[in-house]
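This report refers to the structure that appears directly beneath it.
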Amino acid sequence: MPVQIMSAQEDIISPSEESLLDPRQARSFGEALTLWFKQAARDLPWRRQRDGYRALVSEAMLQQTQVDRVKEPFERFMTRFPDVLALADGSEEDVLALWQGLGYYRRARLLHAAAQVIRDQHHGVVPQDAATLLTLPGVGRYTAGAIASIVFGERAPIVDGNVARVFARFATRSGRPGDRDFDAWCWTLASSVALNVAEPGVVNEAIMELGATVCRKHDPDCAHCPVREACLARASGETALYPEVRVRATRTTMHHHVLVCIRRTTSVSAPEVLLVQRPEKGLWARMWQPPSLESKKELMSGTVTSRFALRREPLDLQRIEHRTTHRDIIFHVTRPDVARMTEFSEADLLTALGSPVSRWHLADRLDELGLSNPHRRMIDVAVSESTDQS
DNA sequence: AAGGCGGGGTT
DNA sequence: AACCCAGCCTT
């Protein structure tokens, strides 16, 4: 008998539809996916050896980040912090540096904090059950369920973007991810799967893998889907209609007026760049960058130079556009003439910018610190041009 | 419940 | 140019 969604009887208190796979159908669904996964699974770094720590690190990196972008940073991270105690004892600066380029840098600090909780409250052993994992910083119900089920075999459900897409198509369920009813339906369905299949961790990972490689958002490869016979969207040719599109946040534009100061203490020494640490909260929290002013609108050149405590016009101004999901940032990069560096007071400059924490750092060792990609790039450009001139 | 949080690949 | 991604935390 093919796998089919069965509607549960109406709940008097909650009239919202609750769909469940009955146990027999869940087992059939899981069996098909298990067989498929065992021959179709990609070779990924965190799958080669399974343990709680590797799962914790990989799942943190994979939050809202595509698999291909995580492979290299994961290997780097595991080399530098091979176990949870090494991570817990590491500095936040090193952790942020290793997170370079991954984005959503708060994840790095939360992972660091989680490692310290594990060291201090769990005898240095990564918890193995979803309920305890859920108490760790940066670990939500998806991450807790993923580690508990995939590594330790717990019957814990997981729903990520892939799972939601597979379920929505399989059952032609209307609604959009992020919508309360839709999300609750997904978690209910995931629970009925986890509770009834032989290997819940394998099936959980298989559903995600299916969503990532076969049941793709665009151009799904239904011909190679192990559950195509039971998929309602496939039957009606409506895979493109599920799930419904998520409502998008509006994007705002910000202007960052950046001063890239480069010095050489002697003519032969390597160049150094002046860096400040960003505030505790907000964009690129506690990461390093050249001093800057941020504003909604572009500041006049005179305003910038006076606020920067510079008496003369800067030599050049480079415009760099950087876009993220939530904002467009236009960097206006000013590079003071090295010969004029003595004409302003570094302390006055930093006071004017409200940047209490600063340091001169070797420009060829930026990989020791956490810097955003655009800041790293603009420093590299400035250093290479200053080297050309000398 | 809604908004903030990166960056790059894909369409 | 717009979309999305192995989500989570804060307000």
Side-chain angles (χ1 to χ4, degrees), chain A residues 41-42 44-47 54-74 96 99-111 113-114 133-151 157-166 176-184 186-187 190 201 204-213 215-219 240 243-252 254 278-287 289 321-329 370-377:
Chain A
R42 292 169 290 178
L44 302 177
W46 46 92
R47 288 178 176 169
R54 291 172 65 85
L56 182 63
V57 172
S58 63
E59 291 298 347
M61 289 186 171
L62 286 162
Q63 288 165 7
Q64 291 291 287
T65 307
Q66 289 162 358
V67 164
D68 284 342
R69 305 244 355 253
V70 169
K71 293 177 182 174
E72 289 191 0
F74 175 79
L96 280 174
W99 209 262
Q100 199 53 239
L102 275 175
Y104 286 160
Y105 298 94
R106 183 177 56 180
R107 296 179 295 172
R109 298 198 290 140
L110 292 170
L111 175 61
L133 286 162
L134 196 53
T135 68
L136 297 173
V139 177
R141 58 178 176 171
Y142 161 76
T143 302
I147 297 171
S149 68
I150 295 171
V151 181
I158 61 173
V159 176
D160 72 336
N162 290 312
V163 174
R165 183 170 56 255
V166 170
R176 34 176 60 90
D179 180 54
R180 192 170 186 75
D181 288 343
F182 179 84
D183 288 348
C186 285
W187 282 95
N204 281 348
E205 199 170 20
I207 301 172
M208 287 193 294
E209 188 85 351
L210 188 74
T213 64
C215 196
R216 302 173 295 237
K217 173 160 181 48
H218 299 288
D219 189 29
E244 295 176 41
V245 291
R246 181 191 292 264
V247 289
R248 298 195 311 112
T250 60
R251 189 158 52 202
T252 61
M254 287 289 292
R278 293 183 59 87
E280 183 84 23
K281 298 190 172 187
L283 184 68
W284 298 316
R286 291 173 68 158
M287 298 178 67
Q289 63 159 74
E321 293 186 11
H322 175 76
R323 72 175 38 212
T324 75
T325 300
H326 311 281
R327 68 186 80 203
D328 284 336
I329 298 175
L371 277 77
S372 79
N373 278 3
H375 287 120
R376 180 175 305 274
R377 278 196 288 267

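Note on naming: letters A, B, ... go to the chains in the order of the sequence lines (proteins, then strands), and numbering restarts at 1 for each one. When reading the values below, keep in mind they use all heavy atoms of this one structure, side chains included, and skip hydrogens, waters and symmetry mates.
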Taking any heavy-atom pair under 4.0 Å as a contact, classify A/L102: base, sugar-phosphate, or nothing.
base
Between C/dT11 and B/dG6, how far apart are the two P atoms, rounded to whole Å?
16 Å
For A/T143, report the nucleic acid contact type (base, sugar-phosphate, nothing); a contact means any heavy atom under 4.0 Å.
sugar-phosphate
Within the structure shown, what part of the strands sits under 4.0 Å from A/G211 by heavy-atom distance: base, sugar-phosphate, or nothing?
nothing
Nearest listed nucleotide, side chain of A/Q63, among C/dG7, B/dG7, C/dA6:
C/dG7
What is the minimum heavy-atom distance between A/L102 and A/T65, and which atoms define it?
CD2-CG2, 4.1 Å
Comparing A/R141 and A/V245 on DNA chain C - which has the more 5′ nearest nucleotide:
A/V245
Spacing of the P atoms in B/dG8 and C/dC9 (rounded, Å):
25 Å
For a quick test of reading the model: is some side-chain N or O of A/R251 closer than 4.0 Å to OP1 or OP2 of B/dG4?
no
For a quick test of reading the model, state the closest non-hydrogen atom pair linking A/R107 to A/Q63 and the distance between them.
NH1-O, 2.7 Å
Which part of the nucleic acid, if any, lies within contact of A/V163, taking any heavy atom under 4.0 Å across all strands shown: a base, the sugar-phosphate backbone alone, or nothing?
nothing
I want to check one thing: is the phosphate of B/dG4, taken as OP1 and OP2, less than 4.0 Å away from some side-chain N or O of A/Y104?
no
Selected nucleotide, minimal atom distance to A/Y105 side chain, candidates B/dG6, C/dA6, C/dT11
B/dG6
Using the C1' atom as the reference point in each nucleotide, state the distance between C/dT10 and B/dG7 in Å, no decimals.
22 Å
Looking only at heavy atoms, what is the nearest atom pair of A/Y105 and A/N373, with distance?
OH-N, 4.5 Å
